[in-house]
Amino acid sequence: MSAFSGRHLLLVGPGYAARAVAGLVIAAGGSVSAAIRDPARAEALAAEGIRALALDADGRLDPARLAGGTDLLVSAPPTPEGCPGLRALGEAWPPSLRWIGYYSSTAVYGDCGGEWIDETRAPAPRTADAKGRLTAEAAWTAAARRHGAALDILRIAGIYGPGTRNVLGQLRSGTARAIVKPGQVFNRIHRDDIAAATLAAMRAPDGVRLTNLADGAPSPASEVLAGVARMLGLPEPPAVAFDKAGLPPGAAGFYAENRRIRADRLAALPGFRLAYPDWRAGYAAILASEGLATAPA
C-alpha cells in the first residue's frame, strides 16, 4: 500500500511551495483538493492532479466538500480580517482531520541584530504581515487542540527554487543590483526542501510542533548574486550601497531586519534531510534542471 493511500490533503493557498507538497502527496498515493476564489485556476490545478474547491463570497468552503479530509495545509498569507484558512473552514471541521500544517514566516522574530536564533527565540514581529502570521499561529494552535488534530507551525525563510522564484532572470537580463549592507544576511530555503519537510511532518505528526524551515546557511544577498553570476559565466552585477539604492519600502523592509536562523529542529524531523544545505547547492540544482553546466560559485 502507498504511504499516503487514503489520505486527502486540503490546501488553502495553493501557491508555489504548497503545490510542490501536493505533487509529493499524490505521488505517494494520496489525493489533494485546493480552495480557490478564481474559477480560472481550476484547469491548471486539475493538470497537476489537484481538485479545485470553490470558496463562496464570504471565503468559506461548503462543508459537504470537506468530508473525508485528513490533512490541511494553510499557506495563504493573513489578511486584515485574519487567516483565510480559519475563515474557509469556519466550524465545518471534517471529523477525519488529523493533521494541520500552517506556513508562517521567520519574520515573526523581527530584527535580531544578526544573532543566531532558534525556535526558542521570543517573537517580536515588526511588520503587519508578520504580526498577522503570529496571530494566526495562536489561532491554529487553539483550533488544533480544540479539535484534537496535530499541528505543525512551519516558519519559513526566504523561498527560492525553479521557475521564477530565483535571481536568474535578473542576472540574465542585466537588471540585477547587488545591494550591500555590511553585516546584513538573509536566510533561505529551496522550495523542494520545504515540500519534503512538510511531507516528513505529515508522516510523523507530534502534537503541536514548531519548526523553522531554513537551510541554516544565511548569507548576504550580494554574495548570492555574485556567486550565481559566476555559475552562469556572467559578469558580477554592480554593487550598490544600501543607503544609495533607493529601494521601495517593501524591499527596504527586508534589510531592516537581520538574523541567522538555526535549522536543528528541521534536521531532526524524522526521515528528513536537507537536499540543498546552502544556496550554492540549490542554484546548482536549478541550473542542472535547465540542462546547464555551471562554473564554480
Trainee: Kindly give the heavy-atom pair with the smallest separation between Trp140 and Cys83, and that separation in Å.
Mentor: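 That closest heavy-atom pairing would be NE1-SG, 3.3 Å.
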
Trainee: Answer yes if the side chains of Arg188 and Ser219 hold a donor-acceptor pair under 3.5 Å, and no otherwise.
Mentor: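 Yes, because at least one side-chain N or O of Arg188 sits under 3.5 Å from a partner of the opposite role on Ser219.
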
Trainee: Looking only at heavy atoms, what is the nearest atom pair of Ala34 and Ile50, with distance?
Mentor: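 Closest pair (atom of Ala34, atom of Ile50, distance): CB-CG2, 3.7 Å.
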
Trainee: Is any side-chain heavy atom of Tyr102 closer than 4.5 Å to one of Ser75?
Mentor: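 Not touching, per the 4.5 Å side-chain cut-off.
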
Trainee: Kindly state each residue pair satisfying salt bridge (Lys or Arg N to Asp or Glu O under 4.0 Å) with at least one member in residues 256-273, sequence neighbours excluded.
Mentor: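 Passing the test, one end in residues 256-273: Glu119-Arg265, Glu257-Arg259, Arg262-Asp264.
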
Trainee: Check whether the side chains of Thr127 and Asp129 place a donor and an acceptor atom closer than 3.5 Å, and report yes or no.
Mentor: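 No.
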
Trainee: When rounded to the nearest 0.5 angstrom, what distance separates CG in Leu247 from NZ in Lys181?
Mentor: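 Taking CG in Leu247 and NZ in Lys181, the distance rounds to 10.0 Å.
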
Trainee: How far apart are the closest heavy atoms of Ala144 and Ile100, and which atoms are they?
Mentor: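 Heavy atoms only, the tightest pair is CB-CD1, 4.1 Å.
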
Trainee: Under 4.5 Å between any side-chain heavy atoms of Ser33 and Leu53, yes or no?
Mentor: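 Yes, at least one pair of side-chain atoms sits under 4.5 Å.
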
Trainee: If hydrophobic clusters are built from ILVMFWY residues whose side chains come within less than 4.5 Å, do Leu151 and Leu10 share one?
Mentor: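 Linked within one cluster.
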
Trainee: Could you go through Val74 and Leu72, starting from their C-alpha distance and side-chain angles, then the distance that decides it, and tell me whether this counts as side chain to side chain contact (heavy atoms under 4.5 Å, CB included)?
Mentor: CA-CA 7 Å; Val74 180; Leu72 171 68; 3.9 Å; yes

Trainee: First locate atom CG of Asn258, then atom CD of Glu115, and finally report the distance between them rounded to the nearest 0.5 Å.
Mentor: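 If I round to the nearest 0.5 Å, the distance is 10.0 Å.
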
Trainee: Begin from the C-alpha positions of Asp62 and Asp56 and carry the test side chain to side chain contact (heavy atoms under 4.5 Å, CB included) through to its verdict.
Mentor: CA-CA 8 Å; Asp62 179 352; Asp56 67 18; over 6 Å; no

Trainee: Using the six-membered ring wherever Trp is involved, compare the ring planes of Tyr160 and His190 and label them parallel, tilted or perpendicular (cut-offs 30° and 60°).
Mentor: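 Rings of Tyr160 and His190: perpendicular, as their planes differ by over 60°.
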
Trainee: If hydrophobic clusters are built by linking Ile, Leu, Val, Met, Phe, Trp and Tyr wherever their side-chain heavy atoms come under 4.5 Å apart, do Phe272 and Val21 end up in the same one?
Mentor: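 Yes, because Phe272 and Val21 connect within a single hydrophobic cluster, where side-chain heavy atoms sit under 4.5 Å apart.
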
Trainee: Measure across Leu61 and Ala54 and return the closest heavy-atom pair with its distance rounded to 0.1 Å.
Mentor: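 Taking Leu61 first and Ala54 second, the nearest heavy atoms are CD2-O, 3.9 Å.
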
Trainee: Do the ring planes of His147 and Trp93 sit parallel (below 30°), tilted (30 to 60°) or perpendicular (above 60°)?
Mentor: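 Plane angle under 30°, so parallel.
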
Trainee: Starting at CG of Asp193, measure out to CG of Leu266 and round the result to the nearest 0.5 Å.
Mentor: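 One gets 7.5 Å once the value is rounded to the nearest 0.5 Å.
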
Trainee: When you look at Val25 and Arg7, which way does the side chain to side chain contact (heavy atoms under 4.5 Å, CB included) test go after all the steps?
Mentor: CA-CA 9 Å; Val25 169; Arg7 293 180 73 165; 5.9 Å; no

Trainee: Where do Arg177 and Gln170 land on the side chain to side chain contact (heavy atoms under 4.5 Å, CB included) test, with the steps shown first?
Mentor: CA-CA 8 Å; Arg177 296 188 303 164; Gln170 297 175 50; over 6 Å; no

Trainee: In this structure, would Phe186 and Val224 fall into the same cluster of hydrophobic residues linked by side-chain contacts under 4.5 Å?
Mentor: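 Looking at the clustering, Val224 is in a separate group from Phe186.
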
Trainee: Report yes if the side chains of Arg209 and Leu269 come closer than 4.5 Å at any heavy-atom pair, otherwise no.
Mentor: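 A side-chain contact under 4.5 Å exists here.
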
Trainee: Less than 3.5 Å apart, any donor N or O on the side chain of Thr198 or Tyr103 sitting next to an acceptor on the other?
Mentor: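 Yes.
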
Trainee: Decide whether His8 and Thr70 meet the rule of one side-chain donor and one side-chain acceptor closer than 3.5 Å.
Mentor: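 On atom types as modelled, these side chains do not qualify, holding no pair under 3.5 Å.
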
Trainee: Do Leu210 and Leu213 belong to the same hydrophobic cluster, where Ile, Leu, Val, Met, Phe, Trp and Tyr are linked whenever their side-chain heavy atoms lie under 4.5 Å apart, directly or via other members?
Mentor: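 The answer is no; the residues belong to distinct hydrophobic clusters.
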
Trainee: Ignoring hydrogens, what is the shortest heavy-atom contact between Val108 and Ala130? Give both atom names and the distance.
Mentor: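 Heavy-atom minimum between the residues: CG1-O, 3.6 Å.
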
Trainee: Measuring from atom CD of Glu81 to atom CG of Asp58, what distance do you get when rounded to the nearest 0.5 angstrom?
Mentor: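 Atom-to-atom, Glu81:CD and Asp58:CG are 11.5 Å apart.
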
Trainee: I'd like to check Pro220 versus Val180 (side-chain heavy atoms, cut-off strictly below 4.5 Å). Are they in contact?
Mentor: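 The answer is no, as the side chains (C-beta and beyond) never meet within the 4.5 Å cut-off.
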
Trainee: Mind checking whether Arg41 and Asp38 have side chains closer than 4.5 Å, heavy atoms only?
Mentor: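 Result yes, sub-4.5 Å side-chain heavy-atom pair found.
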
Trainee: Quick one, Glu290 with Arg172, criterion salt bridge (Lys or Arg N to Asp or Glu O under 4.0 Å). Give me CA distance, side-chain angles, the key distance, then yes/no.
Mentor: CA-CA 14 Å; Glu290 296 183 358; Arg172 286 167 169 157; 2.8 Å; yes

Trainee: Check the pair Glu91 / Arg60 against salt bridge (Lys or Arg N to Asp or Glu O under 4.0 Å), numbers first and verdict last.
Mentor: CA-CA 10 Å; Glu91 294 302 317; Arg60 299 187 183 279; over 6 Å; no

Trainee: Hey, what do you get for CD1 (Ile179) to CZ (Phe242), rounding to the nearest 0.5 Å?
Mentor: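 Separation between the atoms: 8.5 Å.
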
Trainee: Flag the pair Asp215 / Pro277 as yes when at least one side-chain heavy-atom distance between them is below 4.5 Å, and no otherwise.
Mentor: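 They are not in contact (no side-chain heavy atoms under 4.5 Å apart), so the answer is no.
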
Trainee: Measuring only between side-chain heavy atoms, which start at C-beta, is Leu73 closer than 4.5 Å to Val12?
Mentor: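 Sidechains of Val12 and Leu73: no contact.
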
Trainee: Using modelled atom types and a 3.5 Å cut-off, is there a donor and acceptor pairing between side-chain atoms of Asn166 and backbone atoms of Gly161?
Mentor: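 Such a contact is found between Asn166 side chain and Gly161 backbone.
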
Trainee: To the nearest 0.5 Å, how far apart are CD1 in Ile261 and CG in Asp118?
Mentor: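 With rounding to 0.5 Å, CD1 (Ile261) is 9.0 Å from CG (Asp118).
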
Trainee: Do Tyr276 and Tyr283 pass the ring pair (Phe, Tyr, Trp, His ring centres under 6.0 Å) test, and can you show the C-alpha distance, the side-chain angles, and the key distance before you say yes or no?
Mentor: CA-CA 9 Å; Tyr276 308 109; Tyr283 273 97; over 10 Å; no

Trainee: Do Ile286 and Met231 belong to the same hydrophobic cluster, where Ile, Leu, Val, Met, Phe, Trp and Tyr are linked whenever their side-chain heavy atoms lie under 4.5 Å apart, directly or via other members?
Mentor: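 Both belong to a single hydrophobic cluster.
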
Trainee: I'd like to know if the side chain of Arg98 reaches the main chain of Ala149, judged simply by a donor and an acceptor atom lying under 3.5 Å from each other, with no hydrogens or angles considered.
Mentor: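 Here the side-chain-to-backbone pair does not exist.
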
Trainee: I want to check something: taking the side chain as every heavy atom from C-beta on, are Val228 and Leu171 in contact at a cut-off of under 4.5 Å?
Mentor: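 Yes - at least one pair of side-chain heavy atoms lies under 4.5 Å apart.
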
Trainee: Does Arg191 make a cation-pi contact with Tyr16 (under 6.0 Å, within 45 degrees of the axis)?
Mentor: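 Yes - Arg191 lies over the ring of Tyr16, closer than 6.0 Å to its centre and within 45° of its axis.
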
Trainee: Using every non-hydrogen atom in the two residues, find where Val240 and Ala245 come nearest and quote the distance to one decimal.
Mentor: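 The pair with the smallest heavy-atom distance is CG1-CA, 3.8 Å.
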
Trainee: Among Arg133, Glu137, Arg155, which residue meets the side-chain hydrogen bond (donor to acceptor under 3.5 Å, both in side chains) test with Ser104?
Mentor: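 Between Ser104 and the candidates, side-chain hydrogen bond (donor to acceptor under 3.5 Å, both in side chains) is satisfied uniquely by Glu137.
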
